[in-house]
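What follows is one structure encoded as structure tokens, with my remarks underneath.
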Amino acid sequence: MSFESLTDDKIADLINCQKRLTNPQARVVIKDGHEQINFNVIATDDSGYKFEVYKRKNTRDGMDDDFSCGLLWISPNGEVLTLRRYNGSSHNHRNQLEKNQLGSTHHIHFASEKYIKANKKAEGFAEPSTRYKTLDGALHCLLSDCNISGLKTVSDDTSQTFLFEIQ
Amino acid sequence: MNLDINKLQDSLCSILCAEVKINPRNENLLSVETPFFFADGDPYQLYIREMPGGVIRLTDMGHTLMHLSYENDIDKFREGTRGKLFEQIKFETSLSEDNGEFFIETPLENLGFNLFRMGQALTKINDLTFLNRARAESTFYEDLQEQLYRIVGKEKVQKDFYLDEMEYSRDYPIDYRIVGKHLPLFLFGIPNRDKARLTTIILERLLRTKIDFDSLLIFSDQSTIGKQDLARLTNAGGEMIASLDAEADISRKLLRKVI
């Protein structure tokens with residue numbers, strides 16, 4: 001399956017459907033100098049959609065701002081597409097179609113029909129964000145924005161905690 | 001040619017210079033902005049670290065493999081065909097690796113050359129992501145179809161065939177129906193274990209309908225299919241070809257059955 005026919009409506013459907021982590025106890029693995037955790041996620045409606053949530057953190061000295069978490073959709077043939085990704089501020093993202101750069105700031109990647117139609121990576125568009133400062137804060141935003149339950153997370157804004165506790 | 005080579009040279013140099021910026025990151029690292037980007041618009045993260053003896057280390061600080069790990073199992077970059085290519089890329093581009101960190105050490109006078117070489121190396125490593133399972137399967141079906149059309153002619157091949165006289169035929173697709181000398185030939189491409197199992201089910205179903213047909217099963221790599229799966233498929237199916245590389249065998253077995 002290719003993703004050429006994916007529309008914004010379908011992407012919204014994938015992001016908005018209710019989802020649940022099935023392995024919240026997944027452990028951190030250190031691989032090639034970074035921390036990895038992969039969570040399996042399923043839609044709790046009757047759509048049968050499968051997803052993966054990942055967390056990555058560069059563990060090298062001076063690379064604290066090099067982190068990322070994201071939501072992948074696993075299509076029926078096994079190909080994956082990044083629906084959302086929440087990045088640290090380690091780099092200066094460039095939106096190729098809008099021809100602008102975000103500077104070294106925390107930013108969120110969004111899958112979009114516009115980028116797919118332009119033969120770009122689906123999640124090529126990103127916007128700066130001040131909603132998180134840490135990887136855990138980014139994960140909180142990701143789970144909240146994408147309707148994913150099953151894991152306790154903490155917002156970097158301490159007035160919003162424990163919204164997504166293990167059920 | 002009316003172009004002024006000197007002007008072109010100056011113009012190109014100034015454009016390239018404008019694309020490269022060095023900024024302090026911390027007391028040990030300088031970050032280098034370059035025109036090299038991942039497909040999603042994030043830049044390659046390149047840094048300069050001063051090493052003893054006036055040597056400069058151009059390093060990605062391990063970001064490249066972390067970035068590729070978002071959508072890929074990076075362990076697979078070190079196995080089989082991808083592993084060989086991975087090592088070849090590192091060798092060709094003089095790229096060193098330490099626990100997932102890629103770097104090139106260079107004297108100052110070769111910094112520009114090695115910056116380009118580093119960009120080239122990381123691009124090649126990034127391209128290894130194209131060799132994933134789903135893409136390999138897609139390529140397998142394209143290659144299979146190309147061979148079929150070449151050997152028996154497109155007009156004799158019906159792609160995605162459904163046997164209408166069979167109940168729920170839409171649930172039992174046949175990859176290709178080919179006009180046979182005596183019987184229709186049903187051909188299945190088998191890139192993986194799941195397809196091997198599905199093909200066994202489809203063949204069993206066809207046998208139950210008691211229609212006469214021949215079958216030919218062509219694997220992407222038969223050695224990757226488990227013994228039990230292969231045994232079940234062998235019982236249900238007809239002749240087999242272990243891989244698309246055996247073109248002479250495919251041709252011989254096909255032409256024996258086709259008008």
Side-chain angles (χ1 to χ4, degrees), chain A residues 1-2 29-36 38 52 54-82 85 87-88 90-102 104 107 109 111 115 119-126, chain B residues 19 21 23-47 49 59-75 77-78 97-103 125-126 129-130 132-138 141 191-192 194-195:
Chain A
M1 174 182 181
S2 72
V29 176
I30 304 289
K31 193 176 281 190
D32 290 318
H34 63 266
E35 291 180 359
Q36 289 196 2
N38 296 321
E52 184 178 295
Y54 62 82
K55 275 177 88 177
R56 302 286 185 267
K57 182 170 174 42
N58 195 330
T59 57
R60 289 176 175 81
D61 280 347
M63 298 300 290
D64 298 342
D65 55 357
D66 190 20
F67 63 80
S68 190
C69 61
L71 174 67
L72 298 179
W73 173 47
I74 304 169
S75 74
N77 79 342
E79 280 201 76
V80 298
L81 180 134
T82 295
R85 190 168 78 238
N87 273 6
S90 63
H91 56 273
N92 179 8
H93 173 81
R94 181 180 67 168
N95 288 319
Q96 295 173 73
L97 297 182
E98 292 76 11
K99 300 192 188 308
N100 60 27
Q101 296 200 343
L102 306 186
S104 293
H107 58 273
H109 288 254
Y115 269 70
N119 281 322
K120 304 288 183 191
K121 201 92 183 349
E123 74 279 19
F125 178 74
Chain B
E19 292 281 340
K21 293 188 185 107
N23 295 300
R25 178 173 174 84
N26 57 41
E27 59 186 20
N28 297 314
L29 284 178
L30 302 171
S31 75
V32 188
E33 280 191 35
T34 68
F36 299 118
F37 287 83
F38 292 101
D40 60 12
D42 280 352
Y44 291 178
Q45 291 194 32
L46 295 173
Y47 302 93
R49 182 194 290 277
T59 170
D60 76 338
M61 291 299 283
H63 177 81
T64 307
L65 278 180
M66 188 176 92
H67 195 105
L68 298 181
S69 80
Y70 302 156
E71 294 187 356
N72 301 277
D73 177 356
I74 53 175
D75 286 345
F77 288 5
R78 303 181 192 279
E97 183 190 357
D98 177 18
N99 188 30
E101 173 188 354
F102 296 124
F103 63 91
I125 288 171
N126 191 30
T129 60
F130 294 127
N132 65 25
R133 187 181 66 88
R135 289 208 177 94
E137 284 174 14
S138 171
Y141 282 113
N192 56 36
D194 291 345
K195 183 64 189 296

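Residue numbers start from 1 in every chain, and the chains themselves are labelled A, B, ... in the order their sequence lines are given, proteins ahead of strands. Keep in mind that this is a model prediction, so the values were computed, not measured.
Considering NE2 of A/H93 and CZ of B/F37, their distance stands at 9.0 Å, rounded to 0.5 Å. Rounding to the nearest 0.5 angstrom, the gap separating the CD atom in A/E79 from the CD atom in B/E71 is 10.0 Å. We find the CG-NE2 distance between B/L46 and A/H91 to be 13.0 Å, quoted to the nearest 0.5 Å. For the atom pair NE2 of B/H63 and CG of A/N58, the computed distance is 8.5 Å after rounding to the nearest 0.5 Å.
Most heavy-atom pairs under 4.5 Å with chain A: of the set B/H67, B/E97, B/E33, B/M66, this distinction falls to B/M66. Counting heavy-atom pairs closer than 4.5 Å to chain B, the top-ranked of the candidates A/K120, A/H109, A/R94 is A/R94. Most heavy-atom pairs under 4.5 Å with chain B, from the set A/E35, A/R60, A/M63, A/E123: that is A/R60. Residue with the most contacts toward chain B among A/H34, A/K57, A/K55: A/H34 (heavy-atom pairs, distance under 4.5 Å).
Partners of B/F103 according to the side-chain contact (heavy atoms from CB on, under 4.5 Å) rule, which considers only residues two or more places apart in sequence or in another chain, are B/R57, B/T59, B/S96, B/D98, B/E101, B/E105.
A cation-pi arrangement is not found for A/R85 relative to B/Y70, the charged atom failing to lie both closer than 6.0 Å to the ring centre and inside a 45° cone about the ring normal.
By the 6.0 Å contact criterion, CG on A/D61 is open, its count of non-hydrogen atoms from other residues, nucleotides or ligands being 12 or less.
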Quiz item: Between B/L65 and A/K31, does a side-chain contact (heavy atoms from CB on, under 4.5 Å) hold up when you go through it step by step?
Solution: CA-CA 9 Å; B/L65 278 180; A/K31 193 176 281 190; over 6 Å; no

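In this structure, A/D32 and B/I74 have side chains that are in contact, with non-hydrogen atoms separated by less than 4.5 Å. Side-chain atoms of B/D42 and A/H107, non-hydrogen and from C-beta on, do get closer than 4.5 Å to each other.
For a residue to count as touching a neighbouring chain, one of its non-hydrogen atoms must lie under 4.5 Å from one of that chain's; by this rule A/N38 does not touch chain B. In this structure, the portion of A/Q101 lying under 4.5 Å from any heavy atom of chain B is its side chain and not its backbone. Contacts between B/N99 and chain A at a heavy-atom distance below 4.5 Å involve backbone atoms as well as side-chain atoms. Only the side chain of B/D73 comes within contact range of chain A, judged by heavy atoms closer than 4.5 Å. Of the two parts of A/N95, neither the backbone nor the side chain holds a non-hydrogen atom closer than 4.5 Å to a non-hydrogen atom of chain B. With a 4.5 angstrom heavy-atom cutoff, B/E27 does not touch chain A via any of its atoms.
Scanning both residues, A/S90 and B/Q45, for their nearest heavy atoms gives OG-NE2, 2.9 Å. Scanning all heavy atoms of the two residues, the minimum distance from B/N26 to A/G62 falls at ND2-CA, 3.6 Å.
Applying the salt bridge (charged side-chain N to carboxylate O under 4.0 Å, His left out) test to pairs two or more places apart or on separate chains, those with a residue in residues 63-78 of chain A are A/D65-B/R25.
A/Q96 places a side-chain N or O within 3.5 Å of a backbone atom of B/A39 that can act as its donor or acceptor partner.
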